[in-house]
Amino acid sequence: MFLIALNRTLLFALQSFWRNIWLSLATVFVVFLAFVSVNFLLAVNYVSDSAINLVKERIDVSVYLKPEVRESKIAEIKTRLESMPQVREVVYRSAQENLDSFKQKHEGDANIQETLKELDSNPMGGTLVIRAKTLTEYPEILKALDDPTYSDLIEEKNFDDNRLVIDRINAIADNIKKVVLAVSLIFIIIAVLIVFNTVRIAIFTHQNEIAIMKLVGAGNWFIRSPFILESILCGVFGCFAAFVFLYPLLSLIQPYISDFFNGADFNIVGYFTDNFLVIFGIELVAIIIINIISSSIAIGKYLNV
Amino acid sequence: MIHLDNVSKKFQEGADALKEVSINIEPGEFVSIVGQSGSGKTTVVRLLISEIRPDVGKIVIGGWDITDIKKHHVPLLRRQIGVVFQDFKLLPKKTVFENVAFALQVSGATRGRIESVVPQVLNIVDLSNKSNRYPQELSGGERQRVAIARSLIHRPKVLLADEPTGNLDALNTKDIIDLLLKINEFGTTVVMVTHNKEIVNSLKRRVITLEDGRVTQDHKVGKYII
Ligand SMILES: Nc1ncnc2c1ncn2[C@@H]1O[C@H](COP(=O)(O)OP(=O)(O)OP(=O)(O)O)[C@@H](O)[C@H]1O
Ligand SMILES: [Mg+2]
């Protein structure tokens, strides 16, 4: 009995979808646009988060030690720093390494090479590169380094504060997100309205059937449900179409984005694939709920049962 | 079978469509309701299928007080009352068979039941041989017979016919009246609203006359008097 009713409801819904096929397709298209937009928002979100993480990775404090500090003392400082709760890692570059890389960097500069030759000892000290566990912990680390036990040994500190870069990424991403969010909202509102209108038109097109259904004693839910189902179908088709459209598009864009971030391996397609069930599931459920509400209002208003 | 007890109905912004109407119809009766245009005949039919509710009074059908019937019970009421109208109300894109089957489909009948019951009622209205035709391929009388077949699909105890012959010529009219009489003989209570004087007079059945929303005549073997 239930299956028979479901079967016939589905049949009526499909018939109705078909009878106003252009209107139905327009509805599906708007739902499609809404989802393309929403998913684009997710993609922007993912890319900006990844970019920011990338930059965060590069933030550190470089501590240039005085040349006279001995290796054993440096090892001791390194261990002490490593034991601080805020510190994630400390990397040590020896005085020789620093000198070598400096020489390499200024290979073409005869002046510098000359000066270096004249010196009989290495003018550079070792370097400790400190990374904090989180961005907010750098101030504490810097403060600890100001302590005389350390500061007397330190030639110079260099806090490579990339927070400006992060802020800029955030600002750009926020702007894009705002625009896309607004566009998404507009599409969603249009989708709700057009679903409402589609159901309204479907009710008008089926006036005869509805009148006859009522006359011959069709249950109220039996009359209503095809219209609700039709709206659900529009939503589901649109949602599917958006994913079918987005996958190839994202694969196409992917290399350009990677390039833009110097080959960092953002995988947008992978992001959607990994979270497919969550993203797709939530979007599907959301559009179904939205369309049920929208069509129910249309039914309440125009279908007098 | 049908009891209207002191029923009044007023539409918004209008005079009373029905005023203190009391009608008692016994099971198995064949009753004609006559009256001038606007006298309230269709209003009676609409009240009986609970398309509208009375303002005052009480309506009982087959022992069921439908005066304040719940919305979700209305479909059950409609399955116990067959209705036909002047304009047939058939679906043009469905065949005769499908039009009749439609009434069963929408009430959740199984395919098996549809296949067995539809031919039976088509047989009653003598349209078995035209079950694959579309309404526009039928005469007016045949169309009305399809509508009657559909109204019989749930084996109703009451058949309401609102000017069933209003769109038909004399020959087709006689066919339909004969069919209604046949259905009445099977035991179904028939209430027919009509303008057709000759028919009413030749029937020699009960006639209720409405005038301006009131019952003015009610005779066991009535005549068309207006
Ligand atoms: N929905 C409505 N809204 C307002 N007034 C209505 C409505 N339906 C009917 N009426 C009025 O109620 C009165 C009775 O109408 P009804 O349809 O019952 O007449 P009738 O006897 O069936 O007429 P006819 O022979 O022309 O079909 C009329 O005055 C009509 O104008
Ligand atoms: Mg009328």
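Chain identifiers are assigned alphabetically (A, B, ...) following the order of the sequence lines, protein sequences preceding nucleic acid strands; residue numbering begins at 1 within each chain.
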* Asked: Would you find more than 12 non-hydrogen atoms of other residues, nucleotides or ligands less than 6.0 Å from A:Lys177 atom NZ?
  -> yes
* Euclidean distance, A:Leu3 CG relative to B:Thr110 OG1, rounded to 0.5 Å -> 13.0 Å
* What are the two closest heavy atoms between B:Pro75 and A:Gly219, and how far apart are they? -> CG-CA, 3.9 Å
* **A:Trp221 atom CH2, over 12 foreign heavy atoms within 6.0 Å** => no
* Value rounded to 0.5 Å, distance of CG in A:Asn208 from CG in B:Leu90 -> 10.0 Å
* Asked: Does atom NZ of A:Lys133 have more than 12 heavy-atom neighbours, drawn from other residues, nucleotides or ligands, at distances under 6.0 Å?
  -> yes
* From B:Phe102 atom CZ to A:Glu209 atom CD, the distance as rounded to the nearest 0.5 Å -> 5.5 Å
* Structure fact -> Taken to the nearest 0.5 Å, the spacing of A:Ile212 CD1 from B:Phe85 CZ works out to 10.0 Å
* Neighbour count >12 (heavy atoms, 6.0 Å) for atom CZ, A:Phe240 -> no
* For the student: nearest non-hydrogen atoms of B:Val106 and A:Phe222, plus distance -> CA-CE2, 3.4 Å
* To do: Tell me, yes or no, whether the heavy-atom count around A:Phe280 atom CZ, taken from other residues, nucleotides or ligands under 6.0 Å, exceeds 12.
  => yes
* Other residues, nucleotides, ligands: >12 heavy atoms within 6.0 Å of B:Lys94 NZ -> yes
* Asked: Got a second to check how far A:Ile4's CD1 is from B:Gln105's CD, nearest 0.5 Å?
  -> 10.5 Å
* To do: Kindly check if the number of other-residue, nucleotide or ligand heavy atoms within 6.0 Å of CZ (B:Arg53) is above 12?
  => yes
* **Test item: B:Arg78 side-chain N/O and A:Ala218 main-chain N/O as donor-acceptor pair under 3.5 Å** => no
* Verdict with reasoning, A:Leu215 to B:Lys89, per side chain to side chain contact (heavy atoms under 4.5 Å, CB included) -> CA-CA 10 Å; A:Leu215 221 52; B:Lys89 297 201 194 297; 4.0 Å; yes
* Mind checking the OG-CE spacing from B:Ser107 to A:Met213? Nearest 0.5 Å is all I need. => 10.5 Å
* **Greater than 12 external heavy atoms within 6.0 Å of A:Arg19's CZ** => yes
* Region of B:Leu104 in contact with chain A, defined by heavy-atom distances below 4.5 Å -> backbone
